[in-house]
Protein chains: 2
Amino acid sequence: MTKPPTRIQTRNRAAILSAGLDVFSQFGFRGATLDQIADAAGLSKPNLLYYFPSKESIHTALLERLLDTWLDPLKALDGTGDPVQEIIAYAQRKLTLSRDYPRESRLWANEILQGAPRIEDTLRTDLKTLVDEKAAIIKAWANDGKIADVDPHHLIFSIWAFTQHYADFDVQVRAVLGEKAPYDGASVFLDTLYAKLLQP
Amino acid sequence: MTKPPTRIQTRNRAAILSAGLDVFSQFGFRGATLDQIADAAGLSKPNLLYYFPSKESIHTALLERLLDTWLDPLKALDGTGDPVQEIIAYAQRKLTLSRDYPRESRLWANEILQGAPRIEDTLRTDLKTLVDEKAAIIKAWANDGKIADVDPHHLIFSIWAFTQHYADFDVQVRAVLGEKAPYDGASVFLDTLYAKLLQP
DNA sequence: GTCTATAAGTCGATAGAC
DNA sequence: GTCTATCGACTTATAGAC
């Protein structure tokens with residue numbers, strides 16, 4: 001029988017994961033240190049290693065938790081809905097995710113940039129399957145003349161690229177925009193971009 | 001008087017910069033080690049430090065060299081040319097850059113992801129100035145009715161995001177596409193995307 | 001707190017090019 | 001023979017883990 005976690009365990013595990021997200025998303029796996037994470041979590045390093053047996057295990061826990069969050073917006077793309085609206089709504093969901101979970105976006109970006117050593121298999125299986133499935137839906141819409149005929153894979157890449165840019169390149173976006181807030185303008189632009197692109 | 005570099009110096013400095021690009025672009029500044037770089041350059045660590053006084057100095061040299069390469073395509077955007085063609089040509093130049101210099105793109109991405117500690121000032125000055133200047137040109141085109149009226153800053157962001165995605169997220173792109181080559185499809189998609197968006 | 005590995009950077013000595 | 005280039009061994013600090 002596994003014992004239910006105590007309140008202290010629940011709190012500390014959550015603190016470690018949040019601290020790990022802070023540090024891993026900024027420095028990548030190799031650049032992050034347990035000292036930084038322990039510090040950010042308000043725990044001693046030995047205490048941190050009482051909850052997670054290794055640096056790797058914290059990172060893995062974060063990536064696993066992230067995967068669902070990250071794929072959910074695409075899973076929700078509905079083949080029976082209005083084509084243009086469905087795609088734009090997906091892109092807007094993704095932009096909201098970037099705004100509300102920028103650390104998660106950067107964790108993902110770091111992992112991919114470094115060659116995705118820990119999730120390459122998942123990319124080739126789960127992610128590819130999901131994307132191919134949704135790409136088929138988009139292709140069918142194009143064939144029915146409901147949207148313009150564009151390559152569905154590159155359409156999806158463009159949505160990922162554009163929306164995640166605002167989280168991953170946040171510093172650069174803000175440096176260029178100055179005082180102007182990024183996300184309102186991005187949302188309007190995104191609407192226009194895909195409405196015009198997809199118009200049959 | 002500074003002496004001209006010997007052939008050995010030229011060769012070794014080039015080897016170190018190339019090796020540094022390999023390692024920094026994959027692991028980020030903190031994740032990279034001098035041993036890795038020395039190994040990749042075919043030199044001993046002391047010998048490497050004979051040419052560059054520190055890890056930091058290699059990284060700085062790479063970023064400085066990169067900056068021009070990175071901004072040149074935007075500088076070439078010509079206010080007297082045909083508006084739609086100019087913008088699409090800029091995007092295509094940027095895509096070519098991603099294809100031919102993926103390590104440079106990832107070095108940049110790593111630096112920004114980590115909060116751009118070494119280039120934040122450059123972003124706020126040189127980059128912002130350049131972008132604002134080109135954004136003004138694009139805005140003027142829109143006011144003259146030569147292109148559709150879209151936010152020029154977000155237009156530029158979208159070009160950066162989409163084109164750099166193929167270098168920075170290379171592993172993910174290839175995992176999803178399988179055997180299909182990325183860049184041909186990306187180039188076609190990009191043409192369609194901006195032609196439709198900018199059509200007045 | 002301790003242990004062990006690995007990191008960045010130094011030093012002194014020497015091999016090799018011109 | 002002198003200056004350039006190289007390297008093994010070392011120091012100090014910091015890393016992950018117990």
Q: Does dA5(D) have OP1 or OP2 under 4.0 Å away from a side-chain N or O of Q9(B)?
A: yes
Q: Would E111(A) and I119(A) satisfy side-chain contact (heavy atoms from CB on, under 4.5 Å), going step by step from the backbone distance to the final call?
A: CA-CA 8 Å; E111(A) 181 66 14; I119(A) 53 167; 3.7 Å; yes
Q: Would you mind writing out the side-chain donor-acceptor pairs for residues 182-200 of chain A within the sub-3.5 Å range, not counting sequence neighbours?
A:
residue : atom : partner : partner atom : Å
Y183(A) : OH   : S98(A)  : O            : 3.4
Y183(A) : OH   : Y166(A) : O            : 3.4
S187(A) : OG   : Q92(A)  : OE1          : 3.1
S187(A) : OG   : Q92(A)  : NE2          : 3.4
D191(A) : OD2  : Q92(A)  : NE2          : 3.4
T192(A) : OG1  : V188(A) : O            : 3.1
Y194(A) : OH   : S158(A) : O            : 3.4
Y194(A) : OH   : S158(A) : OG           : 2.7
Y194(A) : OH   : I159(A) : N            : 3.3
K196(A) : NZ   : L197(B) : O            : 3.3

Q: In whole Å, what is the span from the CD1 atom of I37(B) to the P atom of dA8(C)?
A: 8 Å
Q: Using the side-chain hydrogen bond (donor to acceptor under 3.5 Å, both in side chains) criterion, which residues pair with Y51(A)? Sequence neighbours excluded.
A: N12(A)
Q: Among residues 11-25 of chain A, which residues get a heavy atom nearer than 4.0 Å to DNA chain D?
A: none
Q: Can the ring centres of F162(B) and H165(B) be said to be less than 6.0 Å apart?
A: no
Q: To the nearest 0.5 Å, what is the distance between CG (L63(A)) and CD1 (I58(A))?
A: 12.0 Å
Q: Enumerate all atom pairs, one protein N or O and one N or O from nucleotides 12-18 of chain D, separated by less than 3.5 Å.
A:
residue : atom : partner : partner atom : Å
dA15(D) : OP2  : D35(A)  : OD2          : 2.9
dG16(D) : OP1  : A32(A)  : O            : 3.3
dG16(D) : OP1  : L34(A)  : N            : 3.3
dG16(D) : OP1  : K55(A)  : NZ           : 3.1
dG16(D) : OP2  : L34(A)  : N            : 2.6
dG16(D) : N7   : K45(A)  : NZ           : 2.9
dA17(D) : OP2  : K55(A)  : N            : 2.9

Q: Hey, what else clusters with L113(B) if you join Ile, Leu, Val, Met, Phe, Trp, Tyr whenever side-chain heavy atoms sit under 4.5 Å?
A: L113(A)
Q: Under 3.5 Å, is there a donor-acceptor pair between the side chain of R106(B) and the main chain of Q26(B)?
A: no
Q: Within less than 4.0 Å of OP1 or OP2 of dT10(C), is there a side-chain N or O belonging to Y50(B)?
A: no
Q: Is any side-chain nitrogen or oxygen of N47(B) closer than 4.0 Å to OP1 or OP2 of dA5(D)?
A: no
Q: If you look only at pairs with a residue in residues 11-28 of chain B, which of them pass as a salt bridge (Lys or Arg N to Asp or Glu O under 4.0 Å), with sequence neighbours excluded?
A: D22(B)-R103(B)
